[in-house]
Structures are given as C-alpha cells and as structure tokens.
Amino acid sequence: MHEWFNKDSIFWRLLSILIFFSAWEIAGRVPISPAFPTFIDTMEGLFRMISDGSFFEKYMITLKPLLVGVFITCFFGITFGVSMGLSDRIDWLGQPVFIVLQAAPVSALIPMITYVYGIGFTSKIIAVCILAMPVVVLNSINAVRNANTSLIEMSRSFQGTRMQEVFKVILPDASPMIFAGLRLGVAGGFVGIVLAELLITPTGIGDLISYHRSVANYAEMYATVLSIILLAAATVRFFERLEVRLFRPEKQGT
Amino acid sequence: MAAETSDTSAKAESIVEVRHLSKTYDGRVRALEDINLSFPKGQLTTLLGPSGCGKTTMLKIIAGLLEPSSGEVFVNGKKITGPGPERAFVFQDFALMPWATVLRNAAFGLELRGMAKNERNEIARKYIAEVGLTGFENSYPRELSGGMRQRVGLARALAVNADVLLMDEPFSAVDEQTRRKFQEDMLALMEIEKKTFIFVTHSIEEAVYLSDQVVLLSRLPGKVSEIIKAPKAAGSPDEIRRDKVYLDTVEHIWQTLRKYLEE
Amino acid sequence: MKIFGVKIPMMYSLLIWVVLWEIVGQMEMFLVIPPFSGIVVAIIEMAQAENFHDAASLSLYSFAMGMLISIIVGIPLGLVMGKIPAADRLLGMWVNVFLSAPLSSLVPIIMILFGFGQTTIIVTVFMFAVWIITLDTCAGVKHINPSLLEMGESFGASSWQMYSKILIWAVLPEILAGLRLGLIRGVKGVIIGQLLVALIGMGELLTVYSRGFHMEEFWALILFLFAFALGTSWLISLLERRIEYYAGSRG
Ligand SMILES: Nc1ncnc2c1ncn2[C@@H]1O[C@H](COP(=O)(O)OP(=O)(O)O)[C@@H](O)[C@H]1O
Ligand SMILES: [Mg+2]
C-alpha cells in the first residue's frame with residue numbers, strides 16, 4: 001500500500017496521464033479552435049488509422065531510416081568519441097566541431113542535404129545522423145576522460161600495457177556514460193527523422209500528418225503527432241531503464 | 001567550592017523545559033523516547049552521545065524546526081509551536097549564503113525582521129568584531145576557512161539577541177587546532193554574553209571543557225541515560241585541561257558511553 | 001594541445017578546418033562547398049542586404065518573445081515543482097516527455113492553430129525552450145542545501161522572504177544553466193519553425209538560397225546562425241562563471 005504513493009508509482013503516473021488527457025478533452029469540447037479535436041476524437045482517429053493499416057505501414061517507412069541512422073551514429077560516434085577521449089591531438093582537432101554541431105541549429109542544413117542527396121532514403125539517414133551524432137561523440141569523449149584515474153594508475157602499477165589499460169579498464173569504466181550518450185543520441189535521431197519527414201519528403205508519418213491536415217482530418221493528424229512523441233519518450237525511457245539494469249544495479253528499484 | 005556551584009545551579013531557574021518528548025521518523029525509526037530535561041538559564045548544557053542517537057533531532061525540535069511526535073517544549077514558560085525570536089540556531093554546516101558577504105550573512109537574521117540596513121549592519125559589525133572577524137566584513141564565505149565561517153554563523157546567531165543559542169556540532173567541520181582556539185574563545189564569549197547555550201557534540205573533552213551540565217544520551221531509542229554536572233574549573237585553558245576534576249569527569253563519561261558500544 | 005610548448009586553446013583548431021574548407025572549395029571538389037573566402041564575402045554583402053535585415057529582425061523578435069514567455073512560465077513552474085512533491089509527480093512526467101520528444105512534430109499543429117506567421121514561431125520557440133528551464137530550476141530547488149532553508153526558517157523568514165531572499169539565489173546557477181540550454185534550443189526552435197512554415201524569416205531565405213543554389217549565401221546564413229547560437233550561449237556562460245562561487249560552497 002505504502003509503495004503506491006511513491007514518487008514513481010503507477011498511481012501518480014496514471015493520475016498524471018488522466019489529468020493531461022482530461023484537460024485535452026475539455027479544451028477540445030469548448031472548443032478552443034475548430035482545428036482542435038477532443039482527446040476521444042483523436043483516439044477514434046488513431047483507431048481508424050490502425051484499422052485501415054495506414055498507421056503501421058507508415059511507421060515502418062519512418063522507422064527504417066531511423067534505425068539505420070542510429071546504428072551508423074552508434075558505430076561512428078563511439079569510435080570518434082573514444083579516439084578523441086584517448087588522444088589529445090585528435091581531441092583538439094575534432095571536439096570543437098562537435099561542440100559547434102551540438103549547440104548550433106543544424107536543422108538549417110537540411111534544405112541543402114535535400115539538394116545534394118535528393119529526397120530519398122539517404123537524405124533521411126543523414127538527417128538522423130547529424131542530429132544524433134554530436135551528443136554521442138561528446139558523451140563518449142567525456143566518458144573516457146572521466147574514467148577513474150586510480151583504476152588507471154592501478155593498471156599501470158601492475159605493468160598493464162596501454163591496450164590492456166584501454167580495453168580492460170578505461171572502456172568498461174566509461175561504458176555507462178557512453179551508453180547514456182547513446183540514449184540521448186536516440187532522442188536526437190527521433191528529432192532528425194521527424195524533421196526529415198516534414199522537410200525532405202513526407203513518406204511515413206510525415207505523409208500521415210500532411211495528408212490528414214490537407215483534408216482537415218484533424219483527429220488523425222493529432223493522433224499521429226501524439227504517437228510519435230510518445231513513441232520517442234517511451235524509447236528513451238526504455239534505454240534509461242536498460243542503462244540502470246546494465247550498469248547501475250545499485251540504483252534499481254528507485 | 002564544587003558543592004557551592006552545584007547548589008546554585010540547582011536553584012537557577014530553567015529557561016527551556018522538555019517534557020515527555022518523543023520523536024519517531026516515518027513511523028519506524030524511534031529517534032527519541034520520553035525525554036525530560038530542563039536547561040538552566042545562563043548556562044551551557046551539552047547533549048552528548050554516539051552518532052545517530054538523536055542529538056540533532058532534539059535540538060531541531062527545540063529550535064522549532066521539527067515537530068515532535070509527542071510531548072512538548074517550553075521556552076520561558078511558553079509552549080513552542082515553531083521557531084521564535086528567543087532562540088537562534090548555529091548550524092553544523094554553517095548554512096551561510098554563498099552569494100552574500102560576511103556582513104550581510106551576519107545581519108541576515110535582522111534583515112528578515114525588517115530592520116533598517118544601517119541599523120542592522122551596525123549591530124552585525126559589533127558581533128563580527130566579538131567573534132574576531134574584524135576586517136572580513138566584505139569577504140565572501142568561500143574566501144574564509146571553515147573555522148572562520150562558523151564564526152560568521154555564530155555572529156549571525158548572536159546578532160538577533162536571542163536568549164537561547166542552539167548549536168549543532170558547531171566545530172565538527174573545523175580542524176583540530178582551530179577547534180581548540182574556538183573553544184577557548186567560546187568560553188570568553190560566554191562570559192560577555194550571558195546567554196543560555198544548548199550545545200551538541202560527540203566529543204567528550206569538548207563537552208566537559210565547555211559545559212556546566214552534560215546530558216548523556218543512549219542510542220535508539222535516544223533516552224537520557226545520565227545528567228552530569230560539570231562545574232567549570234577556574235584558570236587558564238591549559239590549567240583546565242590538566243585539572244583533576246576535568247580529567248575525572250571525562251573518564252567517567254567515557255566509561256559510561258563505552259557500555260553502549262559493548263552492548 | 002601544445003605546440004612548441006605553447007598551449008593552444010581547443011577552439012583554435014576550428015581555424016584548421018576553415019583552411020581545409022578553403023582548399024577543398026578552391027579545388028571545386030563538391031558543388032555544395034564553395035571556398036570559405038567566398039562565404040566571407042557573402043557574409044559581408046549579406047550584412048548590408050535589406051532582405052537579411054528583415055529576416056533577422058523578424059526572427060530575433062520571435063526568438064526574444066518566445067524566450068521571454070519560456071522564462072516567465074518555466075522558472076515559476078520549476079520552483080513549484082521543486083517545492084511541492086505532488087506538482088512534481090503530476091507534471092514531471094510530461095516535462096520529461098517534452099524534453100526528449102521530437103517537438104518539431106508539433107509545429108504542423110501549432111501552424112493550424114496559430115496561422116502561418118510570427119505567432120507560430122513564438123509558440124514553437126516557447127515549446128522548445130521552456131522544458132529545460134523548468135527541469136533545471138526544479139532540479140536546483142531539490143538540490144538546495146537543506147540547512148540554508150532551515151536557517152531561514154529558524155530566523156523566522158516569511159514564505160515570501162524564503163523565496164526572494166534565499167531560494168531564488170540558491171537556485172540561480174541552475175536557472176542560468178537551464179537558460180543557456182533553453183536559448184540553444186530556442187534558436188533551433190526559430191529555425192525549425194521558420195523552415196516548416198517556409199514563408200518567413202530565415203526559413204524563407206534558407207529555402208530560397210538552397211533552391212536557387214546560392215551556396216555562398218546559404219553558407220553565409222548558416223554560419224551567421226551558428227555564430228548567433230554559440231554567441232548567446234557564450235554570453236550566458238560568462239554570467240554563469242561570475243556566480244560560480246556558489247558551486248564551491250555547496251555540499
Ligand atoms: N529525516 C529523517 N528521516 C528518517 N530518519 C531520520 C531522519 N533524520 C534522522 N533520522 C534517524 O534518527 C536517528 C537520530 O538522528 P540524529 O538526530 O541526526 O542523530 P545525531 O545527531 O545524534 O547523530 C538516526 O538513527 C537517524 O538515522
Ligand atoms: Mg547530528
């Protein structure tokens with residue numbers, strides 16, 4: 001019983017969700033705008049899209065470049081980041097580029113990407129990569145830089161080679177933070193794929209949004225937007241849980 | 001001589017009375033159980049006991065910062081319901097505002113009462129001088145050592161002119177040498193200020209050195225196990241530290257506390 | 001990094017990239033990469049062009065308004081969430097959802113609700129910036145040294161004094177950190193909003209330049225935007241450094 005009122009309990013979550021959706025429902029019934037469907041209308045719209053098959057079909061199209069982009073980002077991001085973390089020279093040369101890319105509105109580059117790579121799959125992957133990469137790289141750098149010095153000194157004092165030091169001490173010690181970077185990278189990837197869908201070509205969920213907007217099916221349009229936001233949040237949350245389970249067992253259950 | 005002192009202290013009226021005080025955290029941890037104590041006016045009483053026995057809890061209840069689970073606290077005969085101007089707290093971690101100068105920190109209690117700036121700064125300056133920090137009025141806490149920071153905390157508590165000063169291990173975050181000097185200064189200060197001090201420490205020597213009365217607390221649930229009158233020996237600090245009565249009292253307390261550790 | 005024993009600050013390496021860019025540009029290897037010197041010329045021309053002035057002032061106005069509303073909403077919301085556990089439990093989940101969500105997907109909705117003009121951009125900036133300000137403020141309140149609050153209480157601070165004399169100052173470092181991140185997100189919000197509306201401000205210029213293949217102008221605008229984003233966040237970080245003394249005295 002006690003547990004039910006804990007911070008992260010189902011009770012508070014459900015209450016929070018209930019209040020949000022009730023507020024939406026009320027705002028839709030007022031209505032605050034003719035283009036603002038109620039929550040129940042939106043859910044009906046969602047079920048219409050699910051039952052005519054368009055919802056999952058479009059999601060498959062959306063998620064493919066996202067997945068590919070995230071895998072590319074993982075591989076190159078971690079490789080870049082770890083090498084910069086290990087080598088001062090590479091770090092000096094490379095890190096500022098990623099700092100700039102992290103802070104700057106890189107979405108402004110998307111019109112040009114479209115121009116160069118056309119409106120296809122490649123452009124979308126690139127959009128995902130440029131939005132996801134900086135945070136993965138920067139986190140990996142910091143993870144390696146912040147590896148426990150006394151562990152490293154321990155390894156040296158036992159005459160460990162640099163290879164052993166990197167693979168047996170630094171990387172294992174850095175992996176929780178690298179993983180945290182991947183989680184942020186996945187969030188960035190979602191931003192990238194949505195931008196790609198809206199700015200490059202609407203083939204997946206972008207198509208759902210723009211088609212239903214053009215025929216004034218606002219319920220379907222809202223349902224699509226809600227679904228992508230919740231999917232992104234749920235995915236990030238999943239990675240958060242995974243991070244705790246894999247790397248920080250002491251925090252489990254909190 | 002000793003008999004005479006204890007005689008007067010028995011007659012001295014008490015300013016703080018604690019009656020049947022109990023405190024249970026989260027319905028489980030019994031931190032304090034049925035505490036009855038009186039704190040004589042103008043004297044220094046130490047709460048002494050192993051860590052986790054409820055010293056901070058009791059002090060914060062007296063300060064009005066915590067609600068007791070049952071029982072009550074009277075100050076000047078009136079039951080307390082919260083913090084009040086007749087009590088001032090000195091914090092273990094100093095609780096200084098990092099964005100404010102020494103002067104503003106020391107005057108902060110008066111600032112909260114809405115006293116005019118000139119007036120409160122003048123009072124604060126006086127107490128800053130009294131605790132030996134003249135010249136540091138415009139420094140920031142980060143520029144001071146631990147011992148000096150706690151002097152600011154003390155000046156702030158003195159400035160509001162409360163009757164009772166509540167001090168929670170005020171010297172525990174201070175290194176040993178500074179601590180000894182601070183203790184000696186405390187004794188001198190008590191001569192000038194004539195206030196009632198309630199002092200928490202886990203150092204037996206510090207307790208006996210500074211106190212008129214030492215309250216020994218036992219662990220979980222915290223109960224009063226013994227009250228020891230410790231008349232202050234006369235003479236210089238160094239003489240006191242070699243005084244026979246002082247050393248005997250320290251030894252007696254150690255033997256008592258040792259029993260809890262062996263249990 | 002050190003060269004001949006002299007430490008070269010990291011950001012200087014960007015100069016090497018600029019030189020590399022110039023070389024690649026001069027060799028005309030890629031259509032989309034004009035020589036850097038050409039871009040610099042374009043920046044100078046752009047700085048005098050009327051359409052740039054219009055776009056810049058329009059964007060700056062939307063940005064400033066959106067940020068202002070974010071601050072007005074975000075800081076009090078964060079303070080309330082930090083102080084009142086029930087508020088945190090009810091709102092915290094949504095703040096976190098919006099923090100990591102692809103908010104650009106909301107822009108089409110904002111567009112049909114608020115039209116194709118300034119208001120949409122302002123609302124977009126707000127949606128991008130407000131959550132991180134709220135979250136950081138809330139985290140700051142939760143990590144405040146509890147004895148500082150007890151100190152205020154023991155000296156009889158009223159709840160207004162508690163907020164105005166202690167809480168807000170103790171949380172200032174986190175508020176500024178949130179503000180810096182909020183500004184960075186806000187700039188992204190302006191650009192994404194304007195790109196999606198496509199008819200106004202920088203978004204219009206970016207679309208026009210890339211469609212008409214004016215690569216020098218396109219890059220000039222990009223560099224300007226990057227510099228603006230980095231410049232504002234740098235200004236805030238200067239402010240943060242001025243109050244860094246908080247950090248040292250926190251437990
Ligand atoms: N806020 C709290 N919640 C639960 N238990 C607490 C809390 N504060 C203190 N305690 C417990 O109460 C007991 C007494 O604590 P405290 O008064 O801080 O002891 P002392 O100051 O003598 O070291 C300890 O066992 C401690 O764990
Ligand atoms: Mg304590």
Side-chain angles (χ1 to χ4, degrees), chain B residues 56 59-67 80-101 104-115 120 139-146 149 152-153 156-157 159-162 164-170 173, chain C residues 75 78-79 82-86 88-89 136-137 139-180 236-251:
Chain B
T56 299
L59 206 65
K60 283 191 177 165
I61 290 174
I62 297 174
L65 293 170
L66 271 181
E67 291 269 333
I80 63 149
T81 52
E86 72 289 344
R87 283 156 289 149
F89 205 96
V90 176
F91 292 84
Q92 182 170 6
D93 61 357
F94 323 132
L96 298 182
M97 302 178 296
W99 57 89
T101 59
R104 176 147 186 244
N105 265 300
F108 193 66
L110 301 170
E111 180 179 340
L112 289 177
R113 289 182 192 177
M115 187 184 277
R120 67 179 191 243
S139 307
Y140 284 88
R142 75 193 138 155
E143 299 162 346
L144 305 180
S145 68
R149 288 183 203 179
V152 181
R156 175 176 62 195
V160 294
N161 196 24
V164 184
L165 261 70
L166 306 163
M167 309 176 83
D168 187 9
E169 304 201 25
Chain C
I75 295 176
L79 291 177
K83 277 306 254 189
I84 304 169
D88 186 30
R89 287 165 200 181
D136 272 16
T137 308
V141 175
K142 284 185 194 162
H143 291 147
I144 192 171
N145 180 354
S147 58
L148 220 48
L149 298 179
E150 282 179 343
M151 186 274 289
E153 206 186 327
S154 80
F155 285 111
S158 65
S159 58
W160 166 244
Q161 286 176 322
M162 212 66 160
Y163 273 92
S164 65
K165 287 189 187 287
I166 299 178
L167 205 75
I168 195 88
W169 296 97
V171 186
L172 199 57
E174 278 88 354
I175 291 181
L176 280 182
L179 197 60
R180 181 168 48 78
I236 302 277
S237 73
L238 281 189
L239 212 64
E240 276 181 85
R241 216 162 302 153
R242 279 200 60 179
I243 57 153
E244 211 168 0
Y245 57 77
Y246 289 81
S249 39
R250 296 188 150 210

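Just so it is clear: chains get the letters A, B, ... in the order the sequence lines come, proteins before strands, and each one is counted from 1.
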Task: Per-residue contact mode, B/Gln92 against chain C (heavy atom under 4.5 angstrom) - done: neither
Open item on the list: Counting only non-hydrogen atoms closer than 4.5 Å, does B/Phe108 touch chain C with its backbone (N, CA, C, O), its side chain (CB onward), both, or neither?
Closed with: side chain
Open item on the list: At a 4.5 Å cut-off on heavy atoms, which part of C/Leu149 comes close to chain B: side chain, backbone, both, or neither?
Closed with: neither
Task: Residue among B/Pro85, B/Pro83, B/Gly64, B/Ala157 with most heavy-atom pairs under 4.5 Å to chain C - done: B/Pro83
Open item on the list: Can you confirm whether C/Leu148 sits close enough to B/Met97 that some side-chain heavy atom of one is under 4.5 Å from a side-chain heavy atom of the other?
Closed with: yes
TODO: Flag the pair B/Arg156 / B/Leu96 as yes when at least one side-chain heavy-atom distance between them is below 4.5 Å, and no otherwise.
DONE: yes
Task: Closest non-hydrogen atom pair between C/Phe155 and B/Ala88, with its separation - done: CE2-CB, 4.3 Å
TODO: Please report the closest heavy-atom contact between B/Tyr140 and B/Ala100, naming both atoms and the distance.
DONE: CD2-O, 3.6 Å
